[in-house]
Structures are given as structure tokens and as C-alpha cells.
Amino acid sequence: QVQLVESGGGLVQAGGSLRLSCAASGSIASIAAMGWYRQAPGKQRELVAAISSGGRTNYADSVKGRFTISRDNAKNTVYLQMDSLKPEDTAVYYCNANIHSFGRIWPNDYWGQGTQVTVSS
């Protein structure tokens with residue numbers, strides 16, 4: 001059993017910062033890509049940022065230069081530092097990880113429960 005637990009969401013004024021964390025736990029042999037997605041009301045879930053096991057990163061155009069994704073492989077944790085936040089960043093943010101569990105042949109995608117980020121104008 002694998003779990004992803006997120007923390008760090010909240011309410012912030014425009015221009016402010018938040019840092020999200022997501023820790024994976026359970027029967028984990030290895031973790032490939034980790035990432036953050038978000039879903040605003042009435043919109044589809046979209047990729048915000050992703051990071052490979054080797055540290056290569058990818059960002060949505062809308063957050064480039066403002067958000068930074070990082071990971072601590074020893075702690076099975078991924079972070080999202082969000083700076084210069086805008087009201088349009090308001091959404092539920094979900095952690096995602098591609099995890100190879102012990103005893104399984106193929107890796108699976110796992111999701112966190114989601115954390116609300118609200119940016120007031």
C-alpha cells in the first residue's frame with residue numbers, strides 16, 4: 001500500500017508565497033517522476049510541474065519563473081515552492097507520483113488527496 005500525503009495549502013494574498021509538500025510512504029521500491037497538478041472549479045485538471053528521478057523539471061507556461069519544483073529522494077518527498085501567486089492560481093493542488101512497489105512488476109500512478117490553495121486579490 002502506497003500513500004501520498006500533501007501539506008502546505010492555504011489562503012494567501014496576491015503576490016505572496018506558499019510551499020506545498022507531498023510525502024510518499026508505504027511499500028516503495030523506487031519512484032520515477034513526481035509532479036503537481038491543479039484543478040480549478042469548472043476546469044480540467046492540469047499539470048503544473050513535474051520532476052524526474054534525476055531532477056529534470058518541466059513547468060506549465062503559466063507558472064514558469066514563479067513556481068519551483070524540487071524533490072528529496074531520501075525522504076520520498078516532492079515540494080512546490082509557489083512565489084508571486086496570482087488569483088488565477090487558486091485551485092486544488094494534487095500530488096502525483098509514479099511508484100514501483102515491492103512485489104509488483106509494473107509501476108503505478110498514485111495521487112494525493114489534494115490541498116486547497118486560494119489566492120485573494
Distance check, rounded to the nearest 0.5 Å: [X] atom [atom1] versus [Y] atom [atom2]?
X      : Y      : atom1 : atom2 : value
Asp72  : Met34  : CG    : CE    : 10.0 Å
Thr68  : Met82  : OG1   : CE    : 11.0 Å
Trp106 : Ser101 : CH2   : OG    : 14.5 Å
Asn76  : Ser25  : CG    : OG    : 8.5 Å
Gln3   : Gln113 : CD    : CD    : 9.0 Å
Asn58  : Leu47  : CG    : CG    : 6.0 Å

Checklist entry - Where do Val48 and Phe67 land on the side chain to side chain contact (heavy atoms under 4.5 Å, CB included) test, with the steps shown first? => result CA-CA 9 Å; Val48 176; Phe67 290 11; 3.6 Å; yes

Item to check | Distance under 6.0 Å and angle within 45° of ring axis: Arg45 vs Tyr94 | outcome: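 Verdict for Tyr94: a cation-pi partner in Arg45.
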
Validation row: [X], [Y] side chains within 4.5 angstrom (heavy atoms):
X      : Y     : result
Thr57  : Tyr59 : yes
Trp36  : Cys22 : yes
Val78  : Cys95 : yes
Ile31  : Asn73 : no
Asn108 : Ile99 : no

Counting N and O atoms only, with roles assigned by atom type, does the side chain of [X] sit under 3.5 Å from a partner on the main chain of [Y], one being a donor and the other an acceptor?
X      : Y      : value
Ser62  : Ala60  : no
His100 : Ala32  : no
Arg71  : Ser52  : yes
Tyr93  : Leu80  : no
Glu6   : Gly114 : yes
Ser121 : Pro87  : no

Next on the checklist: Working note: Ser17 + Asp83, criterion side chain to side chain donor-acceptor pair (under 3.5 Å); need CA distance, chi angles, decisive distance, verdict.
Outcome noted: CA-CA 4 Å; Ser17 299; Asp83 299 319; 2.7 Å; yes

Item to check | Trace of the side chain to side chain donor-acceptor pair (under 3.5 Å) decision for Glu88 with Thr90 | outcome: CA-CA 5 Å; Glu88 50 264 43; Thr90 296; over 6 Å; no

Item to check | Sequence neighbours excluded, every pair satisfying salt bridge (Lys or Arg N to Asp or Glu O under 4.0 Å) that has a member inside residues 9-30 | outcome: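 Every candidate salt bridge (Lys or Arg N to Asp or Glu O under 4.0 Å) pair involving residues 9-30 fails, so no pair, neighbours aside, qualifies.
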
Checklist entry - Step by step, would you call Ser120 with Val12 a side chain to side chain contact (heavy atoms under 4.5 Å, CB included)? => result CA-CA 6 Å; Ser120 63; Val12 65; over 6 Å; no

Next on the checklist: Taking Leu4 as the starting point, is it possible to reach Tyr37 by hopping between hydrophobic residues whose side chains are less than 4.5 Å apart?
Outcome noted: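 Unlinked, Tyr37 and Leu4 end up in two clusters.
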
Checklist entry - Would Trp111 and Val5 show up in the same hydrophobic cluster when neighbours are defined by side-chain heavy atoms closer than 4.5 Å? => result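 Different clusters.
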
Checklist entry - How close do Arg66 and Ser84 get, heavy atom to heavy atom, and via which atoms? => result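 Heavy atoms of Arg66 and Ser84 come nearest at NH1-O, 3.0 Å.
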
Next on the checklist: Check this for me, if you would: do Lys86 and Asp89 make a salt bridge, where the nitrogen-to-carboxylate-oxygen distance has to be below 4.0 angstrom?
Outcome noted: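 Here Lys86 does not pair with Asp89 in a salt bridge, since their nearest N and O are not under 4.0 Å apart.
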
Checklist entry - Counting heavy atoms not belonging to Gln39, are there more than 12 under 6.0 Å from its CD? => result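 Counting other residues, nucleotides and ligands, CD of Gln39 exceeds 12 neighbours.
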
Checklist entry - Step by step, would you call Leu20 with Val117 a side chain to side chain contact (heavy atoms under 4.5 Å, CB included)? => result CA-CA 9 Å; Leu20 305 183; Val117 171; 4.1 Å; yes

Checklist entry - Would Gln13 and Val119 count as a side chain to side chain contact (heavy atoms under 4.5 Å, CB included) if you check the C-alpha gap in whole Å, the side-chain angles of each, and the deciding distance to 0.1 Å? => result CA-CA 5 Å; Gln13 287 189 332; Val119 184; over 6 Å; no

